[in-house]
Amino acid sequence: MAQTEIQKSAQARLPREVVVLVAAAFVVAIGYGLVAPVLPTYAASFGVSHTAVSAIISAFALARLVFAPAAGRLLRHLSERPVYLTGLIIVSISSAGIAFAPGYSGLLIARTFGGIGSTLFTISSFALLVRVTPPALRGRASAMYSTGFLVGNISGPVLGGLLAGWSIRAPFLSYAALLLVAAALVQVLLGRIPPPIRSLDAPTLALRPTLRLPAFRAAMSANFAVGWAVYGIRIALIPLFVVQVLGAAPSTAGYALTVFAIGNALVLPFVGRWVDLAGRKPAAMIGIAVSAVALGLIGVSGSIWQLMVLCFLGGIGSGLITPAQQAVVADVIGPHSGGSVLAAYQMTGDLGGVLGPLVAGALVDLYNYEIALGVAAAVVAATLAFWVRAPETLPTREQSARPGR
């Protein structure tokens, strides 16, 4: 009976706010996909080392890491929409600044500034997603939101490679324009939807006791690994690996990132329902194992087709992890005000995004790509230990019937 009630709840329609956030995520992702395959090459054009190229990727994550606590505090005093809009506009300005950077230092400053804006719209959108989604739909909502990003990423890298053939600055200017489109979308559509009432007496979830919860620690470990491998290594190292080791054109790096996104997008719709019905842990643990294996084998791949197969498997692994870990965070926060908890969760991913490219770039300079990618695979695999000890957080029937905050 309990399972039947949960299944009925899982078939319910997602709130309209989720659909709006997914649409905005899709627009943002197209732009992000435009710049992802060309950013390392653009940075390398200033005549710097692998470590310096990786530092461009890490600077973005470092800014997010440092500014996350302030963003969490902002959400205690402001509603999500203005924070979200401010973040989009800041990243738009940053992207335009990257296009016209006079040198490596200017590029580094512009990229760092973009990390601040990214923190604002990432935390605010996730806070709204948690707040309006019923417990039984958290996996679906997270999967749909991630799918919005990934469908945009499927076309973005291909278009970015084509634009880069015309002008290396064109992808960054296009990204700036698309962010303004996303801001207009949020302003018009979310502006017409009355935001959920924020009670001044809403209980606040304290960070310190939350950090002691095994389930939350597991979600944070997975987010760290995703930041290290998916948002760090994949963006900073794979494009250079394609060009320098496999001897392919820069546009091939865009195809590799697109294949990763395709694998991710194909699995996400099914994983969202699986996470809501069977639990969070199975999907997360399988995804971590698949991601680690795929990442480690990329370092020893010797052809484009092998790379593409492994990128596809890596996308599947990432698609299994993301809805599960985000659903765990939403389960932990529940009806509470969790700005500081969300900030801490984001910071683990950003920390991985900072360390991953820097460590990998240094390992490539000292040794080779095989060692760098092997270390990244080991970092991902190590997070399995946290999930083994974590309890299942899938809500009970009574909890599933309750709406979000």
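As the structure is a prediction and not an experimental result, all values here were calculated from the model. Atom set for the values below is all heavy atoms of this structure, side chains included, hydrogens, waters and symmetry mates excluded.
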For the pair [X] (side chain) and [Y] (backbone), establish whether a donor and an acceptor sit closer than 3.5 Å, ignoring hydrogens and angles.
X	Y	answer
N264	S318	no
E392	K281	yes
T383	V379	no
R280	V275	yes
S92	L88	no
W387	M285	no
T393	V328	no
S124	L120	yes
S125	T122	yes
N223	Y345	yes

Mind checking whether [X] and [Y] have side chains closer than 4.5 Å, heavy atoms only?
X	Y	answer
V18	Y145	no
F46	V53	no
F121	V186	no
M308	C311	no
I98	Y42	yes
Y369	L237	yes
S118	F60	yes
V242	L307	yes

Ignoring hydrogens, what is the shortest heavy-atom contact between [X] and [Y]? Give both atom names and the distance.
X	Y	value
A55	L108	O-CD1, 4.0 Å
G314	A294	N-CB, 3.7 Å
V91	G117	CG2-C, 3.6 Å
A63	I116	CB-N, 4.0 Å
A101	G106	CB-C, 3.9 Å
T119	A71	CG2-CB, 3.6 Å

Do the side-chain N and O atoms of R81 and Q187 include a donor-acceptor pair separated by under 3.5 angstrom?
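Yes, Q187 and R81 have a side-chain donor paired with an acceptor closer than 3.5 Å.
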
Please round to the nearest 0.5 Å and tell me the distance separating atom [atom1] of [X] and atom [atom2] of [Y].
X	Y	atom1	atom2	result
T210	M220	OG1	CE	10.0 Å
I56	R111	CD1	CZ	8.0 Å
L373	N368	CG	CG	9.0 Å
W305	L310	CH2	CG	8.5 Å
Y104	S45	OH	OG	11.5 Å
Y84	F126	OH	CZ	13.5 Å

Test side-chain hydrogen bond (donor to acceptor under 3.5 Å, both in side chains) applied to S301 and Q306, step by step:
CA-CA 6 Å; S301 61; Q306 289 177 345; 5.1 Å; no

Which is it for L213 and V332 under the side chain to side chain contact (heavy atoms under 4.5 Å, CB included) test, yes or no, and what are the steps along the way?
CA-CA 9 Å; L213 298 176; V332 168; 3.9 Å; yes

Using the side chain to side chain contact (heavy atoms under 4.5 Å, CB included) rule, take W274 and L320 through it: C-alpha gap first, then chi angles, then the decisive distance, then the call.
CA-CA 10 Å; W274 180 27; L320 289 167; 3.9 Å; yes

Go through it in stages, so that I can follow the logic: the residues are I321 and S291, the test is side chain to side chain contact (heavy atoms under 4.5 Å, CB included), and I'd like the CA-CA distance, side-chain angles, deciding distance and then a yes or no.
CA-CA 9 Å; I321 298 170; S291 295; 3.7 Å; yes

Would R64 pass as a cation-pi partner of F67, given that its NZ or CZ must be under 6.0 Å from the six-membered ring centre and within 45 degrees of the axis?
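Checked: cation-pi criterion not met.
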
Criterion side chain to side chain contact (heavy atoms under 4.5 Å, CB included) on F224 and L355, from CA distance to verdict:
CA-CA 10 Å; F224 176 82; L355 295 178; 4.3 Å; yes

